[in-house]
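Read the structure below first, then the notes.
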Amino acid sequence: MPSYRRICVGSASRSEFDAMPRMTMIEAIRSALDVSMARNDDVVVYGEDVGFFGGVFRCTQGLQQKYGVSRCFDAPISECGIVGTAIGMAAYGLRPCVELQFADYMYPAYDQIVSEAARLRYRSAGDFTCPLVIRMPTGGGIFGGQTHSQSPEALFTHVAGLKTVVPSNPYDAKGLLIAAIEDPDPVIFLEPKRLYNGPFDGHHDRPVTAWAKHELSEVPEGHYTTPLGKAVTRRAGEAVTILAYGTMVHVALAAVEETGVDAEVIDLRTLLPLDLETIAASVAKTGRCIVLHEATLTSGFGAELTALVQEHCFYHLEAPVMRVTGWDTPYPHAQEWDYFPGPSRLGQALRDIVETR
Amino acid sequence: MPSYRRICVGSASRSEFDAMPRMTMIEAIRSALDVSMARNDDVVVYGEDVGFFGGVFRCTQGLQQKYGVSRCFDAPISECGIVGTAIGMAAYGLRPCVELQFADYMYPAYDQIVSEAARLRYRSAGDFTCPLVIRMPTGGGIFGGQTHSQSPEALFTHVAGLKTVVPSNPYDAKGLLIAAIEDPDPVIFLEPKRLYNGPFDGHHDRPVTAWAKHELSEVPEGHYTTPLGKAVTRRAGEAVTILAYGTMVHVALAAVEETGVDAEVIDLRTLLPLDLETIAASVAKTGRCIVLHEATLTSGFGAELTALVQEHCFYHLEAPVMRVTGWDTPYPHAQEWDYFPGPSRLGQALRDIVETR
Amino acid sequence: MTSPTPLHFHVPEPASRPGGKPDFSGVSIPKAGSVRRPPVDVLPEEIRDLAYSIIRVLNHEGRAIGPWVPDLSQDELVAGLRHMMTLRTFDARMQMAQRQGKTSFYMQHTGEEAVSCAFRIALGPDDMNFPTYRQAGLLIAHDYPLVDMMCQIYSNEHDPLKGRQLPVMYSSKKHGFFSISGNLATQFVQAVGWAMASAIKRNHRIAAAWIGDGSTAESDFHAALVFASTYKAPVVLNVVNNQWAISTFQGIARGGSGTFAARGLGFGIPALRVDGNDYLATYAVAKWAIERARLNLGPTLIEYVTYRAGAHSTSDDPSAYRPKHESEEWPLGDPVIRLKQHLIAAGAWSEERHKQTEAEILATVIAAQKEAEAFGTLHSGGKPSARDIFEDVYAELPPHLRRQRQQIGV
Amino acid sequence: MTSPTPLHFHVPEPASRPGGKPDFSGVSIPKAGSVRRPPVDVLPEEIRDLAYSIIRVLNHEGRAIGPWVPDLSQDELVAGLRHMMTLRTFDARMQMAQRQGKTSFYMQHTGEEAVSCAFRIALGPDDMNFPTYRQAGLLIAHDYPLVDMMCQIYSNEHDPLKGRQLPVMYSSKKHGFFSISGNLATQFVQAVGWAMASAIKRNHRIAAAWIGDGSTAESDFHAALVFASTYKAPVVLNVVNNQWAISTFQGIARGGSGTFAARGLGFGIPALRVDGNDYLATYAVAKWAIERARLNLGPTLIEYVTYRAGAHSTSDDPSAYRPKHESEEWPLGDPVIRLKQHLIAAGAWSEERHKQTEAEILATVIAAQKEAEAFGTLHSGGKPSARDIFEDVYAELPPHLRRQRQQIGV
Ligand SMILES: Cc1ncc(C[n+]2csc(CCOP(=O)(O)OP(=O)(O)O)c2C)c(N)n1
Ligand SMILES: Cc1ncc(C[n+]2csc(CCOP(=O)(O)OP(=O)(O)O)c2C)c(N)n1
Ligand SMILES: [Mg+2]
Ligand SMILES: [Mg+2]
């Protein structure tokens, strides 16, 4: 596996990395919130169980104690109310960063997100704006069944006015979250919960690795941003391009190692705006492309990626773009590992695609 | 323009078509509801302004008077409540067919649709089911601005457990709606409102034609169904395949006529389940494909169609699949015709694609 | 259990329908001056009855009586009358402009002018309204330029919203008027969030949320009440009960609750019901609630009892669903006439001055209209650019929108 | 206006936190037998006070007193006690099974057993519950096989839900138990729709909706109340106030309303508050509301005042957010002990019979567990098939799912 750091983009200066603390994804997210709240009084954090307790995944632990109940507090169980009030706060001039307990529970807030947050700047011609971040844990692999496993990113990328971000590691999670909070527009920040405590490559039957052993768990304590809209190449390769984000980046790297296929692995990091340049350059080079995600296939974000790749790289393509994704069914509880597009399913696709000509 | 009827699929027998009444799309939808309510006591119809008044587009006019307030009634302005109660009714054993006043207002009901209607059969392993139809007017072209113009079909096609239907003419509207009401699963029935009173080809500056002049306004009075999941070829052609649905079918036919490009125009009618067979056969023949829709481009249903076409017809494709769609912005009021993907934008794409090799 | 008779399905019906006689006998109206005025720091549980009454100040003869008589000077009242008259004239001209094809759509306020005009006067300059499409009085009573309103309605080259929004969906931060959404009720909860923000920042600004009777059925109404109640947000929650929601009478949204004000009771939010066609009462009640909010005593719910005398919008024809002359029978009368009568009774106004003012206002509105039309109307003259389609989706134009904009060559 | 002090932001706090002393002094508890019992056709406005009280039957000595004493025979009460004991034993075993890795997740009812067990007995066989995850008593008191419940929890080859659902998300139409959703509150409004359907069909069946205190903040709660109120749906709207929503105390959802029952008042829905740890009171109140619904008198809202003595779920540890021994201080006691004491006081039960029954129930539950485990547990033994992933998405397998199923070769 090549060095992750080597090709990772960020604005923290080199020297900061010396003797840097190791953080899990949870700690990195918490640190991003902490840094943001410390720098800017307008940043407020709330959501279900987010205050005293610090969130069911503990991403906000200690923030109420540090910044007081006016800056970090428990919300009633109303995703609609959480996002609706946050839009009002953002319009007031605050920088709310709210948590929805699971992405599966974002639907009650969907109207506020789509009809309101996403369109406020547009419909008021810039008179009002909505600098709002909505964090939510996504993805499966924790035996959470159909209501603790969803990956609804495509429901956000279809909506003009939203930005959608999915980090794959602690370093990016912190940099991207700070960038999201500082962004002037609403950002959907999807946190692959299977990565919270360790890089997960889809091998559920092996012991979990800790983030501490992973290079990208070296996270500066202070402020830095990872720019929205920039992908990063996690592994350079010649045979095929894999487009992935979140958990699937690790699955991709695992499958590449296991199959020995010389694939280029691109971690998209931001789905919208998309770094089409990096994608197109890679596919132009490799001539083959696999799109990987955990969400259901039909109308998933993979459809958009596939469409873009064939639009922009048609004459380079030596095989159809393949999609390796979750099935078009709800996420089942017991059959979770038959549903999850893990390294073996991707491995098969890799072998298939390099043989196609 | 070839005969529409010649290649249209439906279960009404030939003889019924003799001296058939002409219906607008509104009348055809009303007739479908009427026929369904008359045949089956379990069919109930409700929604905002749907009862006494008969709906803001008059699709339910006269039904309360004919079937009583228990079968057709006004609902409070709560899309969540309308769909939520309808799910309960469907689980009871009724066949609710509810109206949401505009597709733009479906978001408050989205949680009930996605988390509940779509998954009830699955999560209860068939113990409970949800035979429910949700009708909603979609699309722009009526100067309705961003909240009376949306085409959210991709937000439904991404959801396993839903079927999504978009008729393009009175004949299909009636046959598909009856089929939807008789379907054992939840069906999203999208009604292109620009077609309600006449076939609209995107030439907003020309006088509107009446449905009466269109062959597909010949609609049998009685019961018939148009099967879900079957596309129909509206025009046979050799040079390129156009995939369209709803209003865009008429735009496609107009652009084909105006450009003289010998395109095959497929009216998908049902987006999910999709008639991939018809699509693949056509693209295999023409080697070129344009996908057309009014919804925003990114993560629109066109992305899925493009992905499928390149997956299934890669070796037949002589040019990248092109998408001609609405822009990735909210639907503007005054600039509506710069937003709408009308015959001139499609015409340009047609000319471009046939020249590509 | 003994087998009872089968269940039956209950659907509320209005008192009368087209062809029938208008019937408001179900609306019980207390005498002007008869409802007590509690101190603003009263406990919600001590004024539950006020949610079922109607606070009124102007009596039949146009005299202001009782504890709710506000401290408005005659000049201020004359100004209020002018605001309402301006709004009515504005409505008439814009309705006509729509009929003439100069724009796509319009929504009138006829019969409800007092509500937004009086409220705006009670509010402070830094406060924020989250209005619906039927509160243009908030702009007019705050001296927002009529020309700008018209340019928005015409979607012309001077439209502050660049042609993007449906007519009447104004926005003006400077005038404490939040961008109107076409989606009902969504902004009710945003108002609460804005108010929470003001409290978090230890500011003095308060928010006013607006919603129609029919729209209280929406979920966001509930979310607003929950958050306002829990965090004691400095917000005034205004429900404008104009009896109709397009074709649907208020009983469908209200159900068995008796009133919309009653909705506040389940949240421990003080709830007042006021004669919305009585400028003085409306002002007084608004003032009371605004003071409560400003003193950090939390939210108040106000139900304005009024009547939508006109059609829902230019796309609607009410004769299809309610008796033709229902509006004439509305027992709370016409807010313009009532304030006019009050001022005349008080010796501060006359029929002549009224006529003269009418003419003056008409001239002003027509002048504004001419000015606005010089910038174009929906289908002719100056237009916002196709470029404007792509601006303001984000603060900065992202690459994919740049590509799309290039496609139409703007 | 004079410039007041700046606003400040109010966030409700529980009476005590970890390390502090449990404090329920804020919970005011009326004497058993002290609340009147109105006739079922009482007008909602006549019993508004009941939304702020607590109906109780069992007094400190375990005697049943007052107007709400239900007509339950001693045999029926013994059966009720057995149901609660079975549920508690079932919980203990399944909690342990989860700790042993036999399943992924479990949720206990400890302290709340009376609510669902008593309600089920009051309900008719053809009625339908729309439960949350904390009403397994509805199944146990209706003789749903323990083995089937366990097979669901284990997601094994006999799981009636084919491994698809998270443990405890049971479904059984036959037992009047609607498929549980993981999404909070969504089913509350579905229950209203089901009840509306029964009325539309002129049937006799009624529905029961279930929700937790915290979840009443969700929008669907509002939609349910609106539709139930408007169409007078034959539904009982049950709010189980167990004081906590994961780590969030009930004050965050309740805000300034005083009680959750009060939420009904704004809709003209009669609202009762009952001691949820008192099997007799719970049964009596349920019966009253069910009779109202059956007689077509419309919905009733019931708030069950109880306490979640255990963790929220196996993923939760309450010592992080509430005093460790808070549950012991809960003033309404333990429902099992209270019913046991009542039966002993009435001479129908004894400590020995209780112990003996405990042992008997434990043996039954263990036997069921063995039987269930023979069909597999989550990670070993019999499993539902991967084929089951693709079934029941639709009534018929559509082509795209057939293609996908072929890809994993099942
Ligand atoms: C979410 C949503 N659902 C439906 C509509 C369509 N609609 C527009 S106005 C209206 C009636 C609103 O009635 P009410 O709240 O009483 O306000 P009024 O028009 O009487 O001022 C409806 C149903 C909408 N705009 N938004
Ligand atoms: C829509 C939604 N939001 C959030 C959650 C996560 N969640 C599960 S249980 C729970 C607390 C519910 O509390 P309450 O309603 O009081 O019920 P209790 O657990 O106390 O029985 C939360 C927030 C969810 N399941 N669904
Ligand atoms: Mg109204
Ligand atoms: Mg609870």
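Using a 4.5 Å cut-off between heavy atoms, B/Gln112 makes no contact with chain A at all. Proximity to chain B is limited to the side chain of A/Ser115, based on heavy atoms less than 4.5 angstrom apart. Looking at B/Tyr107, both its backbone and its side chain come within 4.5 Å of chain A, counting heavy atoms on both sides. Contact of A/Leu308 with chain B is made through backbone and side chain together, with heavy-atom distances under 4.5 Å. With a 4.5 angstrom heavy-atom cutoff, B/Leu305 does not touch chain A via any of its atoms. There is no contact between A/Glu79 and chain B, counting heavy-atom distances below 4.5 Å.
Rounding to the nearest 0.5 Å places OG of A/Ser299 at 8.5 Å from CG of B/Leu271. Distance check, rounded to the nearest 0.5 Å: CG of B/Leu346 to CZ of B/Arg351 gives 9.5 Å. We find the CG-OG1 distance between B/Leu100 and B/Thr138 to be 12.0 Å, quoted to the nearest 0.5 Å. Residue B/Glu99 holds its CD atom at 12.0 Å from CZ of B/Phe189, rounded to the nearest 0.5 Å. Atom CG of residue A/Asp275 and atom OG1 of residue A/Thr270 lie 8.5 Å apart, to the nearest 0.5 angstrom. Distance check: B/Ile188 CD1 to B/Leu132 CG gives 7.5 Å after rounding to the nearest 0.5 Å.
For the set B/Pro332, B/Gly145, B/Ala303, the entry with the most heavy-atom pairs within less than 4.5 Å of chain A is B/Ala303. Residue with the most contacts toward chain B among A/Tyr105, A/Phe314, A/Trp327: A/Phe314 (heavy-atom pairs, distance under 4.5 Å). Between chain B and the residues A/His333, A/Met106, A/Gln310, A/Gln146, the most heavy-atom pairs under 4.5 angstrom are made by A/Gln310. For chain B, the option among A/Cys80, A/Ala307, A/Pro330, A/Cys313 with the highest count of heavy-atom pairs below 4.5 Å is A/Pro330. Note on A/Thr296, A/Ile113, A/Asp328: by heavy-atom pairs under 4.5 Å with chain B, the leading option is A/Thr296.
Without hydrogens or angle criteria, A/Lys193 side chain to A/Gly140 main chain gives no donor-acceptor distance under 3.5 Å. Side-chain atoms of B/Arg269 do not come within 3.5 Å of backbone N or O of B/Leu228 as any donor-acceptor pair. B/Arg135 places no side-chain N or O within 3.5 Å of a backbone atom of B/Leu190 that could act as its donor or acceptor partner. Panel note: side chain B/Arg345, backbone B/Thr325; a donor-acceptor pair is recorded below 3.5 Å.
Within residues 152-163 of chain A, the residues having any heavy atom closer than 4.5 Å to a heavy atom of chain B are A/Ala154, A/Leu155, A/Thr157, A/His158, A/Ala160, listed by residue number. Taking 4.5 Å as the heavy-atom cut-off, the residues of residues 315-322 of chain B that approach chain A are B/Tyr315, B/Leu317, B/Glu318, B/Ala319, B/Pro320, B/Val321, ordered by number. Residues of residues 278-294 of chain B never come closer than 4.5 Å to chain A when only heavy atoms are counted.
Classified by interplanar angle (parallel below 30°, tilted 30° to 60°, perpendicular above 60°), the ring pair A/Tyr331/A/Tyr339 is tilted.
Using a 4.0 Å cut-off between a side-chain N of Lys or Arg and a carboxylate O of Asp or Glu, A/Glu304 and B/Arg323 qualify as a salt bridge. Ion pairing of A/Glu116 with A/Arg123 is present here, as a side-chain N (NZ or NE/NH1/NH2) and a carboxylate O approach within less than 4.0 Å.
Surrounding CD of A/Glu277 are at most 12 heavy atoms belonging to other residues, nucleotides or ligands under 6.0 Å away.
Scanning all heavy atoms of the two residues, the minimum distance from A/Ser151 to A/Ala295 falls at O-CB, 3.2 Å. In plain terms, the two heavy atoms of B/Pro192 and B/Gly246 that are nearest each other are CG-CA, 3.6 Å.
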Worksheet item: Step by step, would you call B/Thr147 with B/Asp104 a side-chain hydrogen bond (donor to acceptor under 3.5 Å, both in side chains)?
Response: CA-CA 5 Å; B/Thr147 59; B/Asp104 315 59; 5.7 Å; no

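Every residue meeting the side chain to side chain contact (heavy atoms under 4.5 Å, CB included) condition with A/Pro131, not counting sequence neighbours, appears here in chain and number order: A/Ala90, A/Arg95, A/Thr129.
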